[in-house]
Q: 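Once you've had a glance at the structure underneath, I'll fire off some questions.
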Amino acid sequence: MKANHWISKLFIIALTTACLLSSGATGVGIPSGDRRFNITSPLDHGVYVGGQILPITYVLIRDSSGLELNIYVRSTNVNATTVTVAQKADVSEDASSIVKIDNETHWQHSYNYKIPQTAPAGFYEVVFESVSGHVNTSIPIMIRPYTSSSANSPTYTGSPTLGPTNGNTPSNKSAGDGSINRAYLAPLVAVAGSLIVMSHLLF
């Protein structure tokens, strides 16, 4: 009887773990309003600095045929011009942009936006406009003022910054190079925390 009791508890933990992991697989990052891609960078409410790079990364999780995507950076509380990062952003499904998530093939694309040194400090949002789906997905961020010391400091980002760092330069990343995107760690941390709590409650 006692053995069955322990087996039941272990089964519940295993089942919960599987559910959490499966929900975090293609749920990595922030899903777009039309659920056709996930945004892994910038970080939700991330803090960035004038004169540095704002990495913008998204992963296509469904067939991109017919998808037309524009990306903007606009202010929400200061007087600043809305900037077009990418008009008709890359939504191709070629070999150079393939990433493997949970043994499933997806396509990742990135743009490195150089924040002007003169950008007013304040709150902004990165807007992903799905023209085809008539849906906007906005990620709020904060931009701090440029300082001479910050010019040589690494940018605080939500995912690795790759490629050239001048202008709105597209860059692609394959998941097979051994690096870890911080956004991918969130589901794993959630799983670990849930297991700890459940072990205390059940045992």
Side-chain angles (χ1 to χ4, degrees), residues 17-48 53-74 76 84-113 124-142 155-163 168-194:
T17 302
C19 291
L20 287 170
L21 287 173
S22 62
S23 65
T26 54
V28 168
I30 299 171
S32 64
D34 56 7
R35 304 289 172 172
R36 299 187 69 176
F37 58 93
N38 285 353
I39 302 160
T40 58
S41 184
L43 284 175
D44 187 15
H45 291 91
V47 179
Y48 302 87
I53 296 297
L54 170 62
I56 298 171
T57 304
Y58 51 98
V59 178
L60 305 177
I61 57 176
R62 293 187 180 177
D63 180 13
S64 64
S65 58
L67 175 62
E68 183 177 338
L69 181 65
N70 299 326
I71 304 174
Y72 307 95
V73 176
R74 67 186 180 193
T76 59
T84 300
V85 176
Q87 193 82 29
K88 292 189 175 180
D90 192 356
V91 292
S92 61
E93 297 180 357
D94 52 45
S96 64
S97 60
I98 287 178
V99 292
K100 290 286 187 179
I101 302 176
D102 226 28
N103 294 320
E104 294 184 1
T105 299
H106 301 282
W107 293 266
Q108 177 175 284
H109 297 286
S110 298
Y111 288 88
N112 292 331
Y113 172 62
Y124 292 74
E125 60 185 6
V126 178
V127 181
F128 294 77
E129 178 192 19
S130 179
V131 178
S132 50
H134 306 287
V135 176
N136 287 355
T137 306
S138 299
I139 310 299
I141 63 171
M142 174 188 286
T155 306
Y156 177 66
T157 69
S159 65
T161 301
L162 303 174
N168 306 337
T169 308
S171 63
N172 294 315
K173 178 177 180 56
S174 171
D177 66 358
S179 62
I180 299 176
N181 190 317
R182 290 182 200 175
Y184 291 4
L185 296 178
L188 299 179
V189 173
V191 169
S194 298

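In this chain, numbering begins with 1 at the start of the sequence shown. All of these numbers come straight from a predicted model, not from anything done at the bench.
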Q: Glu125: what forms a salt bridge (Lys or Arg N to Asp or Glu O under 4.0 Å) with it, not counting sequence neighbours?
A: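 Only Arg74 meet the salt bridge (Lys or Arg N to Asp or Glu O under 4.0 Å) criterion with Glu125.
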Q: Say whether, by atom type as modelled, one donor and one acceptor occur between the side chain of Asn112 and the main chain of Pro55 under 3.5 angstrom.
A: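 Not confirmed, Asn112 side chain does not pair with Pro55 backbone.
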Q: Looking at Trp107, is its backbone amide N or carbonyl O close enough to the side chain of Ser97 to form a donor-acceptor pair, meaning the two atoms are under 3.5 Å apart?
A: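 No, because the side chain of Ser97 does not come within donor-acceptor range (under 3.5 Å) of the backbone of Trp107.
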Q: Which heavy atom of Pro42 sits nearest to which heavy atom of Ile139, and what is that distance?
A: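 Here Pro42 and Ile139 meet closest at O-CG2, 3.7 Å.
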Q: On the 0 to 90° scale, with breaks at 30° and 60°, tag the Tyr58-His109 ring pair as parallel, tilted or perpendicular.
A: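 Because their plane-to-plane angle lies in the 30° to 60° range, the rings of Tyr58 and His109 count as tilted.
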Q: Below 4.5 Å, heavy atoms only, C-beta onward: do Ile141 and His45 meet side chain to side chain?
A: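 No, too far: nothing below the 4.5 Å cut-off.
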Q: Between Val126 and Leu54, is any pair of side-chain heavy atoms under 4.5 Å apart?
A: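 In short, these two side chains touch, coming nearer than 4.5 Å.
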Q: Is the shortest side-chain heavy-atom distance between Leu43 and Tyr48 below 4.5 Å?
A: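 Yes. Closest side-chain heavy atoms under 4.5 Å.
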Q: Which residues satisfy the ring-ring contact (aromatic ring centres under 6.0 Å, His included) test with Tyr124, sequence neighbours excluded?
A: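 For Tyr124 there are no ring-ring contact (aromatic ring centres under 6.0 Å, His included) partners, ignoring immediate neighbours.
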Q: Suppose we screen for side chain to side chain contact (heavy atoms under 4.5 Å, CB included). Which residues come up paired with Asp63, at least two apart in sequence or across chains?
A: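 Side chain to side chain contact (heavy atoms under 4.5 Å, CB included) list for Asp63, sorted by chain: Ser65, Glu93.
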Q: At their closest point, which heavy atom of Ala89 faces which heavy atom of Tyr111, and how far apart are they?
A: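 That would be CA-OH, 3.6 Å.
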Q: What's the shortest heavy-atom distance between Leu67 and Ser130, and which atoms?
A: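 Reported closest heavy-atom pair: CD1-OG, 3.6 Å.
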Q: Distance-only, no hydrogens or angles: does the Asp90 side chain make a donor-acceptor pair with backbone N or O of Ser92 under 3.5 Å?
A: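 Here the side-chain-to-backbone pair exists.
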Q: Do side-chain atoms of Ser32 reach the backbone of Phe37 as a donor and acceptor pair under 3.5 angstrom?
A: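 At least one qualifying donor-acceptor pair exists.
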Q: Considering all heavy atoms of both residues, which atom of Asp34 and which atom of Arg62 are nearest to each other, and what is their separation?
A: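 Where Asp34 meets Arg62 most closely, the heavy atoms are O-NH1, 4.4 Å.
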Q: Mind listing the closest non-hydrogen atom pair of Gly66 and Ser132 along with its distance?
A: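 Where Gly66 meets Ser132 most closely, the heavy atoms are O-CB, 3.0 Å.
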Q: Verify side chain to side chain contact (heavy atoms under 4.5 Å, CB included) between Thr84 and Asn70, making sure each step is shown before the conclusion.
A: CA-CA 8 Å; Thr84 300; Asn70 299 326; 6.0 Å; no
